[in-house]
Amino acid sequence: MQPSRQPMTPLQEIRHSAAHMLGAAVLRLFPQAQLDIGPPTDAGFYYDFDLEHAFTADDLIKIEDEMRKITKENQRFERKEMSREEAVAFIKERGQVAYKLGRLADIPEGEAISFYTNGEFSDLCAGTHVRYTAQVKAFKLLSIAGAFHRGDEKNKQLQRIYGTAFATKDELEQHLVRIEEAKKRDHRRLGKELKLFHIDEQVGQGLILWTPNGAVIRQELQNFIAEQLFQTGYKQVFTPHIGNLDLYRTSGHFPYYKDAQFPPLVEREAMEMLSKEGCGCGELMNRLDSGAVQGFLLKPMNCPHHIRIFASQPHSYRDLPVRLAEFGTVYRWEQSGELNGMTRVRGFTQDDGHLFCTEDQVAQEVLGCLELVKVVLRTLGLQDYRVRVGLRAPGSDKYTGSNENWTKAEAACRSAAATLGVPFSEEQGEAAFYGPKIDFVVRDVIGREWQLGTVQVDFNLPERFELEYIGSDNKPHRPVMIHRAPFGSMERFVGILIEHFAGDFPTWLAPEQVRVMTLNDDMIPHGQKVIEQLKAVGIRASLDEVSDKLGAKIRRAELEKIPHMLVLGAKEIEAGVVSVRSRADKGMEGNMPLADFIAKVHSEISERRLRVPAPVAPVPEKKV
RNA sequence: GCCAGCAUAGCUCAAUUGGCAGAGCAGCCGUUUUGUAAGCGGCAGGUUGUCGGUUCAACUCCGUCUGCUGGCUCCA
């Protein structure tokens with residue numbers, strides 16, 4: 001039987017075969033290991049094992065050596081089909097009952113049951129594989145990780161060994177170089193080197209401190225969005241960081257979103273009363289749940305606040321759509337192991353917006369939102385993305401609202417996505433608790449995917465909050481809400497941007513845009529005048545006043561990835577020009593009057609021009 | 001939260017089998033006045049993440065907590 005899935009590509013066959021060879025090597029060294037599964041992945045392969053002994057880095061080397069032997073042994077991969085009964089007997093005979101019997105039971109009746117054998121190793125497997133183990137020669141084991149059986153945290157945690165494999169050693173080598181390059185672009189590393197942000201143990205896990213350089217980038221991005229909002233009819237609002245628990249009972253965040261939130265803040269008087277009663281924590285939680293005790297919540301989303309702004313005034317159909325926007329900071333309780341630099345944090349600011357419109361306006365408004373996301377991604381050169389329509393998971397109880405509303409909202413998302421001109425996939429279980437979403441999933445340099453921009457259609461919150469507008473028939477009607485955030489969150493977006501640009505930001509985003517340096521200290525006053533002129537037109541510039549050689553000043557500016565450098569020496573001052581050295585834009589270089597340089601940089605900034613991101617080059621080694 | 005690993009000066013890293021904790025860069029002081037990626041010299045910088053244990057002796061061995069890394073689970 002060919003599996004009903006996609007047939008494997010030659011590369012997948014190599015990786016899948018490497019996984020089997022990994023399984024075989026582990027069994028040779030650790031015969032008591034219980035095998036789970038070993039599939040190929042986008043970037044390599046893995047195999048999951050259940051074993052008392054915890055694998056070490058040394059084990060990885062030994063296992064890899066054993067795999068090389070298997071390559072040399074040039075074993076043939078042979079497929080054998082058998083009946084379910086035979087398969088059960090075969091698995092028992094091989095002593096692999098812990099997981100393989102369960103995996104066997106997953107194969108539906110009527111579908112072929114097959115084993116693949118190479119050398120002494122046999123594995124329940126639909127296939128397919130390469131013919132001989134000698135074809136798998138360019139591989140490397142990379143890491144050991146824990147992984148829950150069947151991906152369910154209630155199950156036992158197995159040990160997963162990750163590896164990668166390619167058709168040729170060259171390709172493998174290139175892949176390993178790419179991994180190294182990716183590490184150099186890591187936003188956590190660059191964030192430290194370029195002083196963009198700081199995470200402080202004393203402040204708390206997952207809480208970003210935007211240092212001055214990073215703050216400039218964020219501010220520029222926010223200015224950019226604010227311009228777009230002004231053009232597209234949004235009104236800016238501000239709301240506080242907390243809200244009454246009742247607000248979230250109405251919205252459904254409490255309890256639907258409870259696990260993702262910081263625990264409630266309980267009023268002081270209520271706390272005192274409860275402690276007098278000797279009420280324990282469990283009882284406190286019960287009373288919070290029931291509403292018997294009042295409190296506040298650190299807001300996990302901005303929508304309830306915006307809804308109350310909308311509800312604070314009567315609306316005519318003539319007012320719609322009402323578009324409210326805010327850079328709203330929200331707080332979510334992420335498990336400690338999920339935190340990661342700026343891309344996964346516990347407090348973050350969404351470039352949030354909520355549209356209140358009539359049902360007839362939904363399609364057009366969603367389109368406008370999608371257009372905004374596209375403008376944002378295009379302006380920043382983030383072109384490697386896919387679109388995902390997130391739907392309900394069937395049979396789940398983590399959603400609020402009627403079936404009818406969900407069906408309408410899902411249809412709206414689907415048809416809007418279809419007009420995008422970009423391929424999109426529909427994925428069940430990816431919806432928000434109040435409605436389906438259209439997500440823009442951007443792929444970063446290492447191939448990891450990040451959900452950034454999002455647009456969500458919501459019939460449910462207007463109902464829960466009993467929102468209305470007066471229609472042309474002079475009767476109350478229920479508006480529809482659209483939630484949208486083109487960046488998603490400022491933290492995650494900037495984190496991705498740091499890696500995308502390798503810290504080498506386009507001039508409009510660069511914390512420092514121009515570094516001025518003089519040949520010797522006598523010329524510093526002249527340099528200061530140049531700085532004044534640059535600042536007068538809003539260009540972020542500084543003067544390197546250290547008594548160093550020019551080479552040292554240039555090196556400093558290069559390491560700080562400053563887009564443009566101006567060198568001032570006797571010749572330049574004499575001729576009334578500046579000597580320009582630019583990181584990416586060679587067209588800018590040469591000697592020119594300061595006014596010309598200013599005009600050029602000014603247009604580069606105001607057009608938000610992208611520069612070709614420079615490849616991450618190693619810093620030249622110091623000559624000894 | 002779970003599995004595994006890691007934690008030495010502001011940063012990047014050293015320190016033989018347990019035996020006085022060291023270097024480069026950054027910083028400060030001095031010197032140098034410099035032409036497109038590092039001029040030279042000096043000084044200072046540490047209860048080796050935390051708390052506890054083993055030992056004559058702990059950066060080193062054991063345990064604890066905190067944080068980080070790679071994954072799993074979960075998500076903007």
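Everything numeric in this text was worked out from a predicted model, so none of it was measured. By convention in this document, chain letters (A, B, ...) are assigned in the order of the sequence lines, proteins followed by strands, and residues within each chain are numbered from 1.
- Rounded to whole Å, atom C1' of B/G71 lies 9 Å from atom CD of A/Q157.
- Here A/G551 lies in heavy-atom contact (under 4.0 Å) with sugar-phosphate atoms only.
- No donor-acceptor distance shorter than 3.5 angstrom exists from the side chain of A/E334 to the backbone of A/L339, with no hydrogens or angles considered.
- Residue A/A145 is classed as a base contact, given a heavy-atom separation below 4.0 Å to a base.
- A/I562 places its CD1 atom 15 Å from the P atom of B/A37, with the value rounded to the nearest Å.
- What separates CZ of A/R344 from C1' of B/C68 is a distance of 17 Å, to the nearest Å.
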Taking N or O atoms only and anything under 3.5 Å, show me the protein contacts with nucleotides 27-33 of chain B, one pair per line.
unit_1, atom_1, unit_2, atom_2, d
B/U33, O2, A/D521, N, 3.1
B/U33, N3, A/D521, OD2, 2.8
B/U33, O4, A/D521, OD2, 2.9

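- Contact annotation: A/Q205 reaches the phosphate of B/C68 (side-chain N/O to OP1 or OP2, under 4.0 Å).
- One C1' atom belongs to B/C25, the other to B/C20, and the distance between them is 26 Å to the nearest Å.
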Given salt bridge (Lys or Arg N to Asp or Glu O under 4.0 Å), test A/E558 with A/R583 step by step and report yes or no. CA-CA 8 Å; A/E558 287 284 348; A/R583 284 180 55 73; 2.7 Å; yes
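- Spacing between atom NZ of A/K140 and atom P of B/G70 amounts to 18 Å, rounded to whole angstrom units.
- Contact annotation for A/G337: base contact, defined as any heavy-atom pair under 4.0 Å involving a base atom.
- Donor-acceptor pairing under 3.5 Å is recorded for the side chains of A/D521 and A/S547.
- The C1' atoms of B/G71 and B/U12 are separated by 26 Å, rounded to the nearest whole Å.
- Looking at the side chain of A/R188, the nearest of the listed nucleotides B/U69, B/G35, B/C72 is B/U69.
- Distance from the side chain of A/K549 is smallest for B/U34 among the nucleotides B/A76, B/U34, B/C72.
- Counting non-hydrogen atoms under 4.0 angstrom, A/R160 reaches the backbone sugars and phosphates but no base.
- Within the shown strands, B/G42 is the pairing partner of B/C28 under the Watson-Crick or G-U definition, both distances less than 3.5 Å.
- Residue A/V330 is out of contact with every strand shown, counting any heavy-atom pair closer than 4.0 Å.
- Within 4.0 Å (heavy atoms only), A/E558 reaches at least one base atom of the nucleic acid.
- The aromatic ring of A/F348 is stacked on the base of B/A76, with the two ring centres less than 5.5 Å apart and the planes inclined by under 30°.
- A/S336 comes within contact range of at least one nucleobase, with a heavy-atom separation under 4.0 Å.
- Closest to the side chain of A/A570, from the set B/G35, B/A76, B/A37, is B/G35.
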Could you walk me through whether A/E326 and A/T239 pass the side chain to side chain donor-acceptor pair (under 3.5 Å) check? CA-CA 8 Å; A/E326 174 181 16; A/T239 67; 2.9 Å; yes
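- No side-chain donor-acceptor contact under 3.5 Å links A/H149 and A/D48.
- Rounding to whole angstrom units, CG of residue A/L339 and P of B/G70 are separated by 12 Å.
- Within the nucleic acid shown, A/R332 comes within 4.0 Å of at least one base atom, counting heavy atoms only.
- Comparing B/G67, B/C11, B/U73 by their nearest atom to the side chain of A/E153 picks out B/U73.
- Projected onto RNA chain B by closest heavy-atom contact, A/G341 and A/K398 fall at different nucleotides, the more 5' of which corresponds to A/G341.
- Protein atom CZ of A/R581 is 7 Å distant from nucleotide atom C1' of B/A37, rounded to whole Å.
- One interatomic measurement links the two molecules: CD of A/Q456 to C1' of B/C75, which rounds to 12 Å at whole-angstrom precision.
- Between A/Y257 and A/L297 the shortest side-chain heavy-atom distance does not fall below 4.5 Å.
- Both the sub-6.0 Å distance and the 45° axial angle are not jointly satisfied by A/R15 relative to the ring of A/F45.
- Annotation: B/A58 and B/G53 have their C1' atoms spaced 11 Å apart (nearest Å).
- A distance of about 22 Å separates the P atoms of B/U8 and B/G1, rounded to the whole Å.
- Checking B/C2, B/U36, B/A37 against the side-chain heavy atoms of A/R555 singles out B/A37 as nearest.
- Residue contacts for A/T56: at a heavy-atom cut-off of 4.0 Å it reaches no nucleic acid atom on any strand shown.
- Rounded to the nearest Å, the gap between the C1' atom of B/A15 and that of B/G22 is 7 Å.
- Each of A/V422, A/V373, A/L452 was checked for a side-chain contact (heavy atoms from CB on, under 4.5 Å) with A/Y385, and the lone residue meeting it is A/V422.
- Within the nucleic acid shown, A/K437 comes within 4.0 Å of sugar-phosphate atoms alone, with no base atom in reach, counting heavy atoms only.
- Searching all strands for a Watson-Crick or G-U wobble partner of B/G5 with both distances below 3.5 Å returns B/C68.
- Looking at the side chain of A/A147, the nearest of the listed nucleotides B/G35, B/A37, B/C72 is B/C72.
- Separating the C1' atom of B/C6 from that of B/C59 is a span of 14 Å, rounded to the nearest Å.
- Cation-pi geometry between A/K600 and A/F597 is not met: the NZ or CZ atom fails to fall both under 6.0 Å from the ring centre and inside 45° of the normal.
- For the P atoms, the distance from B/C28 to B/A21 is 29 Å, rounded to whole Å.
- Partners of A/Q528 according to the side-chain hydrogen bond (donor to acceptor under 3.5 Å, both in side chains) rule, which considers only residues two or more places apart in sequence or in another chain, do not exist here.
- Distance check on atom C1': B/G52 versus B/C11 gives 31 Å, rounded to whole Å.
- One atom, CD1 of A/I208, and another, P of B/C68, lie 10 Å apart when rounded to the nearest Å.
- If A/Y162 and A/G453 are placed on RNA chain B by their nearest nucleotide, the residue sitting closer to the 5' end is A/Y162.
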